[in-house]
Amino acid sequence: MIYVFKTSVDTQSKFESASALLNQLLPESQWNFDLEDCDNILRVDSELNVADLLQNNTVFECIELE
């Protein structure tokens with residue numbers, strides 16, 4: 001399933017922190033950021049329900065888009 005999130009990841013340092021978290025939480029999933037988008041979109045392709053995991057993290061703000 002593909003999940004789409006609006007995030008607060010807008011700098012290289014935030015990207016690096018978010019990447020480390022995503023690699024730790026979702027090692028079997030594919031993800032990418034679109035930092036050129038005004039909402040700094042994160043897309044995650046995962047068999048897991050990642051919405052709860054990501055929306056409650058302390059590294060970056062993350063809101064699931066419908």
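Computed from a prediction, not measured in an experiment: that's the story for all the values here. Every heavy atom of this structure was used, including side-chain atoms; hydrogens, water molecules and symmetry mates were not.
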Trainee: If I compare all heavy atoms of Glu64 with all of Ala51, which pair ends up nearest, and what's the gap?
Mentor: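 Between these two residues, the closest heavy atoms are OE1-CB, 3.3 Å.
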Trainee: With side-chain contact (heavy atoms from CB on, under 4.5 Å) as the test, would you mind laying out the steps for Trp31 and Val50 before giving the verdict?
Mentor: CA-CA 11 Å; Trp31 55 266; Val50 299; over 6 Å; no
Trainee: How many angstroms lie between OG1 in Thr7 and CZ in Phe15, if you round to the nearest 0.5 Å?
Mentor: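 Taking OG1 in Thr7 and CZ in Phe15, the distance rounds to 10.5 Å.
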Trainee: Do you know the tightest heavy-atom contact between Asp34 and Arg43?
Mentor: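 Heavy atoms only, the tightest pair is CB-NH1, 3.9 Å.
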Trainee: Hey, quick one: are Val59 and Ile63 part of the same hydrophobic cluster, counting side-chain heavy atoms closer than 4.5 Å, chains of contacts allowed?
Mentor: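 Hydrophobic grouping puts Val59 apart from Ile63.
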Trainee: Give a yes or no on whether Met1 and Leu53 share a hydrophobic cluster (residues Ile, Leu, Val, Met, Phe, Trp, Tyr; joining criterion: side-chain heavy atoms under 4.5 Å apart).
Mentor: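 As far as the 4.5 Å side-chain criterion goes, Leu53 and Met1 are connected within one cluster.
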Trainee: Run through Asn32, Val9, Leu22 and flag the one making a side-chain contact (heavy atoms from CB on, under 4.5 Å) with Leu42.
Mentor: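 Only one option passes, and that is Leu22.
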Trainee: Measure the spacing between OG of Ser19 and NZ of Lys14 and express it to the nearest 0.5 Å.
Mentor: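 The OG atom of Ser19 sits 13.5 Å away from the NZ atom of Lys14.
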Trainee: About how many Å separate CG of Asp10 and CZ of Phe60, when rounded to the nearest 0.5 Å?
Mentor: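 Taking CZ in Phe60 and CG in Asp10, the distance rounds to 12.0 Å.
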Trainee: Hey, any chance Val44 and Leu48 share a hydrophobic cluster, counting ILVMFWY side chains that come within less than 4.5 Å of each other, even indirectly?
Mentor: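 Same cluster: Val44 reaches Leu48 through Ile, Leu, Val, Met, Phe, Trp or Tyr contacts under 4.5 Å.
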Trainee: Quick one: closest heavy-atom pair of Asn40 and Leu35, and the distance?
Mentor: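 That closest heavy-atom pairing would be OD1-O, 3.5 Å.
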Trainee: Would you name the heavy atoms of Leu25 and Leu54 that are closest together and state the gap between them?
Mentor: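 It is CD1-CD2, 4.3 Å.
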Trainee: Tyr3 vs Phe5 aromatic rings, parallel, tilted or perpendicular, using cut-offs 30° and 60°?
Mentor: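 Plane angle under 30°, so parallel.
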Trainee: Could you tell me whether the side chain of Ser29 and the main chain of Ser46 form a donor-acceptor pair under 3.5 Å?
Mentor: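 Here the side-chain-to-backbone pair does not exist.
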Trainee: Heavy-atom count around Lys6 NZ within 6.0 Å, excluding the residue itself: above 12?
Mentor: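 It does not: Lys6 NZ has 12 such atoms or fewer within range.
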Trainee: CG of Asp45 to CD of Gln30: how many Å apart, nearest 0.5 Å?
Mentor: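 Nearest 0.5 Å value for the CG-CD distance: 6.0 Å.
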